[in-house]
Every structure is written in C-alpha cells, then in structure tokens.
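Because only heavy atoms are used, hydrogens play no part in the values below, and waters and symmetry mates are left out as well, while side chains stay in.
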Amino acid sequence: MASLEQAVQQNVLMVAKTVEQQLDAELEKLEKLDSDDLDKLREQRLKEMKKQAQQIQEWRMMGHGEYTELSDEKEFFEITKKSKDIVCHFYKNDSPRCKIVDHHLKILCKSHLEARFCKIDVERAPFLTQRLRIKIIPTIALIKDSKTKDYVVGFTDLGNCDDFSTEMMEWRIAQPGVIKYNGNLLEPPVKGKPVNKFGLGAGMKKHTIRGKDDDSDSDDDL
C-alpha cells in the first residue's frame, strides 16, 4: 500500500515538474522577444481584432443578432444564399410550445451572431414544409451551407418538458455546428441523455434546402 502511494506521489511530482518546465520555456521565449517582436505581436493582434469587428458588422447587416420572422419561402431561400449558418423555427400561431421556442431563440440570437436566427409560419411555407418533411410543430431546422444538417423536433431532445433551460436549447442546436459552443457537446447542461452519438434529432433525415436527401445520412423519416 505504501509503495502504491509513493508511486502516485512520484507521478504527481513528475507531472508538476513537466508543467513547470513548459512554463519556464514559455517565459524564456517571452523574455527573448525584443521591441520589434512585440510590435509584430501587437500588429497581428490588431489585425485579428479588426477582422473580427468587420465580421460582426457584416453579420449584423445580414440580420444576425436578431430573431426575425420571414414573410415567405422566397425570403427563406434568399437568406440561405447569404448566411452560412441558420437556425430556422417552423411554427404555427396556435401552438403554445412555439411561444416557448420563441422565448429561447430570442435570447440565443444575441450571443450567437455567427448564425442567423429566424422563424417562418408553416402555413406560409407549404413547399418547404413538404420538402423538408416537417410534420411536428415546433420544428427547428439547423442549416449549414444551404443543407439542413439536423432538426429539433418538438421537445423530445430538450428533456421532453416545457420548462427546459435556454442552455439546454443552446446545447441542442450546437450539435451540428451551426453555432459555437464552449461546453461539452457530449453531455447536456442538465441531467439527461444526449440525443444520440451522432447528435441527430428525432429520427428525421438530412435534406438539402431543395429537398434532396443527403447521401451521407441513414436515418429514417418520421
């Protein structure tokens, strides 16, 4: 037993020593930087900040940062040509659960400028509703590069309850990569089961915006 404890202590010391050596090396590298090197680092950082600011401005001009309602299918196709990542809620006015989805997406659109958040009434989008095989309301289509990568169908993947958190919604729509996520995609932010190992929702197939099946998908239709 004592020998085991000693071995553990030795391993801990070795790891600590390795980390210390890495830190010393980084500090030594920084100490060797002259004024020209520091100026280059500052210039590089400024360029990155300007590029990021420009990207944010472009996103805002395209409607990112807001949760907007699309008037018709034509407008839907127009935004898919402009925005790479889209979170689109297919809803009906008489559905209380659609109001719940609205609440969470209004919050998330502010902190995820990288994606376009929008909604469209299924009664105004019969072509899309049929092509994307949307049969349950609410359904959120998660679109990347003009292809529907995943669907959030009803509340099954959100804990199967009406009082799920905004964090739960954020985790779920982050699965196919349409928004950036800082947490662990393999585990939801609350107790519960991940959707599945592929991060796909309730059994719907992937489709292109025009309605063709994605060849890489093997899920069954609803």
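For the pair Ile120 and Leu70, the tightest heavy-atom approach, listed with the atom from each and the gap, is CG1-O, 4.1 Å. Shortest non-hydrogen contact noted between Val101 and Pro138 is CG2-CG, 3.8 Å. Nearest approach of Gly159 to Met168, heavy atoms of both residues: N-CE, 4.0 Å. Shown here for Glu187 and Trp171, the closest heavy-atom pair between the two residues is O-NE1, 3.1 Å. Nearest heavy-atom pair, Phe90 versus Leu132, reported as atom, atom and distance to 0.1 Å: CZ-CD1, 3.9 Å. The two residues Phe164 and Leu158 come nearest to each other via the heavy atoms CB-O, 3.2 Å.
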ask   = side chain to side chain contact (heavy atoms under 4.5 Å, CB included) between Tyr67 and Leu108: does it pass, once the steps are laid out?
value = CA-CA 9 Å; Tyr67 180 49; Leu108 290 174; over 6 Å; no
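Side-chain contact between Tyr91 and Val122 is absent, with no heavy-atom pair separated by less than 4.5 Å. Counting heavy atoms from C-beta on, the side chains of Ile143 and Lys149 never come closer than 4.5 Å. Using a 4.5 Å heavy-atom threshold, the side chains of Ile100 and Phe155 count as touching. The closest side-chain heavy-atom distance from Cys118 to Val87 is not below 4.5 Å.
Side-chain N or O atoms of Glu73 include one that pairs as donor or acceptor with a backbone N or O of Phe127 at under 3.5 Å. Counting only distance, with no hydrogens or angles, the side chain of Ser95 and the backbone of Lys92 share no donor-acceptor pair below 3.5 Å. Asn184 places a side-chain N or O within 3.5 Å of a backbone atom of Leu186 that can act as its donor or acceptor partner. Proximity of a side-chain donor or acceptor of Asp102 to a complementary backbone N or O of Leu105 within less than 3.5 Å is not detected. Ser146 places a side-chain N or O within 3.5 Å of a backbone atom of Thr80 that can act as its donor or acceptor partner. The main-chain N or O of Ala115 is never found under 3.5 Å from a side-chain atom of Trp59 such that the two would form a donor-acceptor pair. With Glu75 contributing its side chain and Ser71 its backbone, the two residues share a donor-acceptor pair below 3.5 Å.
To the nearest 0.5 Å, the span separating CE on Met62 from CG on Leu113 amounts to 10.5 Å.
In summary, the side chains of His64 and Glu58 do not present any donor paired with an acceptor at a separation below 3.5 Å, with no hydrogens or angles considered. Looking at Arg116 and Thr68, their side chains do bring a donor and an acceptor atom within 3.5 Å of each other.
Around CD of Glu78, the count of heavy atoms belonging to other residues, nucleotides or ligands within 6.0 Å exceeds 12.
Arg172 pairs with exactly one of Val152, Leu185, Ile140 by the side chain to side chain contact (heavy atoms under 4.5 Å, CB included) rule, that one being Val152.
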